[in-house]
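To start, the structure itself, in structure tokens.
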Amino acid sequence: MWDPAQYLNFASERSRPFFDLTARIGAADPRTVVDLGCGPGQLTAALAARWPQAEILGIDSSTEMIKAAMAHATDRLSFRVEDATAWHADRPVDVIISNAVLQWVPSHLELLPQWATALAPDGWLAFQLPGNYDQPSHAVLRELAASARWRDRLADVQLNRQSGEPSQYLDLLASVGLVVDAWETTYLHVLPGEDAVTQWYKGTGLRPVLAALTDAESAEFTAAYGELVRAAYPAQPYGTVLPFRRVFVVAHRA
């Protein structure tokens, strides 16, 4: 389903939240770091540069993403195909990171306390996920998928669910004994090129839909989606502005 090249079309914009998140992790010299949902691996490699003594594992459920990630593998940095929801630590972990993954997990409020139990003393859990469920980019996608033209073809497709509120995550993880820093940021991405918002979502939110359709159907659906989002996000001479809200949580086992 996933296309690393399409995902990396906006690598700078997609990377910024990762660095904003990990900047708040206070681990000085962790021994073990796990990146749950590592994608094409370039950001996991940045963790290896930050913590040069750590053993770092990146996992992702996409074979295509892990194939791309293997280009970054070293003796301390490894990758494997695995579903983040099924991951269990075989020993306590000093840092657990999940970047833009949990929006695909409807039950992630149940999953997070399980990840918290995998933390070593003085361990850190950090994650961020989009919070744009009410924005045109997602409203258009839901409405189009539910339309008479597409509802039968897409009835079994799971669209991403987006985030809860920062306060939900704070309460959830503080209740299991962690010290929690939770916040939100809305980025104003200025995207270059034609049909920029559609190109952005072809790398993320549109992936389950496109994977369920034939090539001809995908082209038809994408054209219809593009027409609607171009009206919602009009291009300017300097680019197309995509407001993008994200929710961040960094939790520490003090």
Side-chain angles (χ1 to χ4, degrees), residues 1-8 11 14-15 17-22 25 27 30-120 123-130 158 160-163 169 173 178 203-205 207-208 211 246-253:
M1 178 174 80
W2 291 99
D3 181 344
Q6 181 70 39
Y7 183 82
L8 289 171
R14 297 195 196 282
S15 299
F18 175 88
F19 291 111
D20 289 347
L21 174 72
T22 56
I25 299 173
R31 292 171 297 175
T32 56
V33 177
V34 178
D35 185 2
L36 296 171
C38 64
Q42 86 283 6
L43 297 177
T44 319
L47 300 176
R50 175 177 174 179
W51 292 307
Q53 304 305 314
E55 179 182 322
I56 298 174
L57 170 65
I59 73 167
D60 200 284
S61 61
S62 166
T63 302
E64 294 83 3
M65 286 294 196
I66 291 298
K67 183 178 179 181
M70 289 301 294
H72 303 283
T74 68
D75 57 344
R76 292 188 302 103
L77 174 58
S78 61
F79 298 93
R80 70 171 183 248
V81 176
E82 186 176 346
D83 189 331
T85 64
W87 172 78
H88 294 281
D90 55 10
R91 55 178 168 162
V93 179
D94 297 307
V95 178
I96 299 172
I97 296 169
S98 181
N99 181 59
V101 172
L102 291 172
Q103 71 271 23
W104 297 104
V105 182
S107 59
H108 70 259
L109 291 176
E110 289 74 43
L111 181 64
L112 287 166
Q114 298 177 37
W115 288 359
T117 64
L119 292 175
W124 297 78
L125 168 62
F127 60 91
Q128 70 85 9
L129 63 165
Q158 178 179 299
N160 72 51
R161 306 299 179 92
Q162 303 290 295
S163 72
Y169 300 116
L173 294 172
L178 303 185
T204 53
R207 296 310 304 170
R246 293 183 185 267
V247 171
F248 297 79
V249 179
V250 174
H252 179 215
R253 185 176 297 286

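- Between Leu102 and Leu112 there is a side-chain heavy-atom pair separated by less than 4.5 Å.
- Neither side chain, Asp60 nor Ser62, offers a donor N or O lying under 3.5 Å from an acceptor on the other.
- In this structure, Asp94 contributes its side chain and Val33 its backbone to no donor-acceptor pair below 3.5 Å.
- Ring orientation note: the planes of Tyr169 and Phe127 are nearly perpendicular, at an angle over 60° on the 30°/60° scale.
- A donor-acceptor contact shorter than 3.5 Å is absent between the side chain of Arg76 and the backbone of Ile56.
- In this structure, CG in Asp90 is found 11.5 Å from NE2 in His88, a value given to the nearest 0.5 Å.
- In this structure, CG in Leu47 is found 7.5 Å from CD1 in Ile25, a value given to the nearest 0.5 Å.
- Of all heavy-atom pairs between Arg253 and Ala120, the closest is CD-O, 3.7 Å.
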Requested in this report: Begin with the C-alpha distance, continue with both residues' side-chain angles, and end with the deciding distance and a verdict on side chain to side chain contact (heavy atoms under 4.5 Å, CB included) for Thr85 and Trp104.
Outcome: CA-CA 10 Å; Thr85 64; Trp104 297 104; over 6 Å; no
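- In this structure, Ile59 CD1 and Asp83 CG are separated by 7.5 Å, a value rounded to the nearest 0.5 Å.
- Taking every heavy atom of both residues into account, Leu178 and Ala116 meet most closely at CD1-CB, 3.9 Å.
- Shown here for Ile96 and Trp115, the closest heavy-atom pair between the two residues is CD1-O, 3.5 Å.
- Ring-plane geometry between Trp124 and His252 is classed as parallel, the angle between the planes falling under 30 degrees on a 0 to 90 degree scale with a further cut at 60.
- Of the listed residues (Arg14, Arg246, Gln128), just one forms a side-chain hydrogen bond (donor to acceptor under 3.5 Å, both in side chains) with Asn99, and that residue is Gln128.
- Between the side chain of His72 and the main chain of Ala45, no donor-acceptor pair closer than 3.5 Å is present.
- In terms of heavy atoms, Ala118 sits closest to Trp87 at CB-CH2, 4.0 Å.
- In this structure, Ile97 and Cys38 have side chains that are not in contact, with every pair of non-hydrogen atoms separated by 4.5 Å or more.
- Of all heavy-atom pairs spanning Ala251 and Leu173, the tightest one is CB-CD1, 4.1 Å.
- Between Val101 and Leu36, the closest side-chain pair of non-hydrogen atoms is not below 4.5 Å.
- Contact detail for Gly41 and Phe79: the closest heavy-atom pair is CA-CE2, 4.0 Å.
- Looking only at side-chain heavy atoms (C-beta outward), Ser98 and His108 stay at 4.5 Å or farther from each other.
- Judged as a salt bridge (Lys or Arg N to Asp or Glu O under 4.0 Å), the pairs with a partner in residues 42-58 (not counting sequence neighbours) are, in order, Glu55-Arg91.
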